[in-house]
Structures are given as structure tokens and as C-alpha cells.
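Here is the structure we will look at, set down as C-alpha cells.
Quick caveat, the model's predicted, so the values are computed rather than measured. Convention: sequence-line order gives letters A, B, ...; per-chain numbering from 1.
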Amino acid sequence: MIFVQIFWPFLKIGVFGFGGGYTMLSLIQNEVVENRNWISAQEFTDIVAISQMTPGPVAINSATYIGYNVSGSVWGSALATIAVCLPPLVIMILITKFYLAFRNNKYVGWVMDGLKPMLIGVIGAAAFMLMTPSNFPDIFSVVLFLATLTVSLLKVNPILIIIGGAVIGLIFL
Amino acid sequence: MGFYLKLFWSFFKIGCFTFGGGYAMVPLIQKEIIDNRKWISANEFIDLLALAQSSPGPIAINTSVFVGYKIRGIPGSIVCILGTVLASFVIILLIAVYFSDFTKYPLVESAFKGMRPVVVVLIAAPVYTMSKGIEWRKIILAGAVAVVVGFLGMSPVYFLIAGAMGGII
């Protein structure tokens, strides 16, 4: 039964995918490229590239894509996507429940205070990791970066800023 | 029903523009969920990000579940997850069915050349807003973590565990 076969690996990816995005990639690769040979390493690289150019988490994107490729139907695609979302849904509901019940507890408060600077650092790291030569190929992209920095301090809606970037790219790049 | 539609629409919009990894969602949520709708506070948001980062699954999904659950319990979290996922699901499905060579179109490539530097700014900006009101020693700590994780490639998980333990001690 192909649909059961699709569901299981993506459920596993959802359960063990700690650390978000790119740490999940090796897990996905292990399940669908090496263990099951559903797609080739080349196709997997293409999926990652597509995923970088489309909105949404890479784990969800690859589930949708691989689900369709393996089953040849929209249902396979939907099933793989649901499978990868299900564990985070359940686990995060439990965590949120716990948090809302105990956030006034002093120990939980201390843990949250300790996590705060770490988290700010981790988000800063996410920005650093995107400062690669492929994202900033020329002087124009640096100018665009600085211009956006100025605009974002003016509290412009980030959606407009992203669309603005795309339009500038279409016109000038 | 009207409220669930609003919830869905907000997360659908966010889902449409989450380019460049889970943290690209941070500025979008700050604008839509905290500033415009006032569904959660800025302080709760930092806690939420810490929890989302520490549990399995994509950060974008975990964040949606938290906000949805906080506002409307389990139905709320399901509505938010659907909103976040729908746009990327439809887009990827169209690509899988019709254009698997999507990345090779010159127009797509040009639009992304413009978007990439912009997204980096949008991810960096919340670091500034979240650092407000935090003592300088902790900001130095955050900077050190950013450098070690960003440039040396260490897993953020260790720092989160250390932060949680440090908070208790």
C-alpha cells in the first residue's frame, strides 16, 4: 500500500526533526534517498533548490514534492505533508499547554530568562548564515541590503519589503 | 467562524512570504500577530520562539501551533497550521506537476536575486528589536552565540540547553 509507505517516513521526519530547516535535511535525505531510493541525490538537490526559492519550511516542501513524485497523485502529496506536520502539531500543543499553565512558576520563568539571550544569538546566526557569496554576488546586492536595512527601521510592512526586493530584482538584475 | 477565517488569513499571508528558513517568519509575525492583531505580546513571542526552537519540527509550524493554541485552543492551532502550510503546499504541488525546471527560468532567478539580500535584513532586524531592554552582558552573550553558531556551525541546541540550565542556576 503506497500511501502507508509514504506516511511512515515523513511521520518519523516530523518526530525527530529537531533544530528546524537545514538540520532536517540530512534526516530527509537519509529516509527518502538512501533507505528507500525514492529519488536520486540529484533530484534531492533540486528539491532543496526549489525549496529555497519558494515559501515555507524545507521539510514541508520536500514532503509535498516527494509525496507527489512517489505516488503520482495529489493525495500522496497531501498525505506526506500531513505526516510531517502531525508530530510537531501534537508535541507543540502539549508544550504550549504546559507553558501557559506554568509560565508564572519561578523556575519556568528562570529557564525562559536563560533561553532569551541564546535565542537572540541563534536568530542572529541565521542571518549570518545567509550572508553567503551566492546570496550577495555583486555590489548591487550589498546596496540593496543597506537600503533595506534603512527601510526596515522605518517599520514598513515586511511583506511589502519582500515584494519590493523581487520587483527590483526583475527590473535591474 | 469569522474569527477562524481571520486567523487563517493572517497565517496564510505569513505562509506566502516565509522565504529563507523558519526565522524569516519572525518579522512577519511581529508585524501581523503582535503589532496589528495584538493576539500575543512581544514577551510571549520570545518565549514562544525558544519553545519552537527546542521542539521537533519546522520552526514555522511550531510557531503557528503555539499562537493558534494560545488564541483558540486545539481548533485554533489546526487553523493556523493549515494557513501556514497551504500556500507552500499549492506552490510546490504546481511545481512538482508542471514545472520541475522552475529554478532555471531567468525571470525567477532575477526576482530571487533581489529578494535574497532583503530577506537577510528582515531576519537580522528582529535581533535588534528583541535585544531592547536586555542587560548588556546578555547582549554580549547573544553576540557570542551568533558568531559560534553562524560561523563555526555549532548546533544551536547546545546553547539552548545551556541557557535553560544557566537560568535555573
Side-chain angles (χ1 to χ4, degrees), chain A residues 14-15 17-21 49-50 53-57 59-61 64-65 68 77 81 85 88-89 91-93 95-96 110-130 135-136 141 144-145 148-149 152 157-159 161-162 165-166 168-170 173, chain B residues 16-19 21-23 27-28 31 46-47 49-51 55-62 65-66 69 77 85 87-89 91-93 96 103 110-118 120-125 127 130-131 138 141-142 145-146 149-150 156-157 159-160 163-164 166-168:
Chain A
V15 174
F18 282 94
I50 290 172
M53 303 183 86
T54 55
I60 307 285
N61 291 165
T64 309
Y65 197 97
Y68 179 81
S77 187
T81 310
C85 288
L89 176 68
I91 295 166
M92 200 60 199
I93 284 176
I95 289 179
T96 309
W110 287 343
V111 167
M112 287 301 166
D113 271 351
L115 281 173
K116 202 178 281 184
M118 298 299 179
L119 186 80
I120 294 171
V122 170
I123 297 178
F128 281 147
M129 280 190 263
L130 291 174
N135 283 348
F136 292 91
S141 56
L144 192 54
F145 175 86
T148 312
L149 200 61
S152 74
N157 190 321
I159 292 179
I161 295 180
I162 295 175
I168 290 171
L170 284 174
L173 299 174
Chain B
C16 285
F17 290 94
T18 308
F19 292 93
Y23 287 121
L28 299 166
K31 187 76 191 173
I46 296 184
D47 289 355
L49 285 175
L51 296 173
S55 69
I59 291 158
I61 298 297
N62 295 346
V65 174
F66 179 101
Y69 189 86
S77 61
V85 171
S88 55
F89 179 74
I91 292 169
I92 294 290
L93 196 58
T103 50
S110 302
F112 276 90
K113 265 191 178 156
M115 275 169 58
R116 286 185 198 119
V118 163
V120 178
V121 176
L122 291 177
I123 294 178
V127 172
M130 290 203 271
S131 306
K138 287 188 175 170
L141 181 61
V145 171
V149 173
V157 176
F159 293 99
L160 293 169
I168 291 179

Heavy-atom pair with the smallest gap, counting every atom of [X] and [Y]:
X: B:L93; Y: A:S77; answer: CD1-OG, 3.2 Å
X: B:G150; Y: A:A125; answer: N-CB, 3.5 Å
X: B:I92; Y: A:T54; answer: CD1-OG1, 3.5 Å
X: A:I162; Y: B:F17; answer: CD1-O, 3.4 Å
X: A:N61; Y: B:S88; answer: ND2-CB, 3.5 Å

So, do [X] and [Y] sit near enough that their side-chain heavy atoms are less than 4.5 Å apart?
X: B:S77; Y: A:L89; result: yes
X: A:M92; Y: B:L51; result: yes
X: B:V120; Y: A:F145; result: yes
X: B:I46; Y: A:L115; result: no
X: A:P88; Y: B:N62; result: yes
X: A:T148; Y: B:P117; result: no

Exercise. Checking heavy atoms, do the side chain of B:K113, its backbone, both or neither come under 4.5 Å from chain A?
Worked result: both
Exercise. Is it the backbone or the side chain of B:A124 that comes under 4.5 Å from a heavy atom of chain A, or both, or neither?
Worked result: both
Exercise. CD1/B:I59 to CD1/A:I123 distance, rounded to the nearest 0.5 angstrom?
Worked result: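 If we round to the nearest 0.5 Å, B:I59:CD1 and A:I123:CD1 are 8.0 Å apart.
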For this session: Working to the nearest 0.5 Å, report the span between OG of B:S131 and CD1 of A:I120.
Result: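 So the gap between those two atoms works out to 4.5 Å.
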Problem set entry | Steps toward side chain to side chain contact (heavy atoms under 4.5 Å, CB included) verdict (A:M118, B:L141) | CA-CA 7 Å; A:M118 298 299 179; B:L141 181 61; 4.0 Å; yes
Problem set entry | chain A interface, residue from B:P27, B:A60, B:G163 that has the most non-hydrogen pairs under 4.5 Å | B:G163
Problem set entry | For chain A, the option from B:I61, B:D47, B:I91, B:V85 that forms the most heavy-atom pairs under 4.5 Å |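 Of B:I61, B:D47, B:I91, B:V85, B:D47 has the most heavy-atom pairs under 4.5 Å with chain A.
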Interface residue of largest heavy-atom contact number with chain B, from [options], under 4.5 Å:
options: A:I168, A:T81, A:D113; value: A:T81
options: A:G124, A:G14, A:P117; value: A:P117
options: A:G56, A:P158, A:A127, A:C85; value: A:P158

Exercise. Can you list the steps and then say if A:I60 with B:F89 is a side chain to side chain contact (heavy atoms under 4.5 Å, CB included)?
Worked result: CA-CA 8 Å; A:I60 307 285; B:F89 179 74; 5.8 Å; no
For this session: Heavy-atom distances under 4.5 Å only: say whether A:S141 touches chain B with side chain, backbone, both or neither.
Result: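 For A:S141, backbone and side chain are both near chain B.
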For this session: Name the region of A:I91, side chain, backbone, both or neither, that has any atom closer than 4.5 Å to a heavy atom of chain B.
Result: side chain
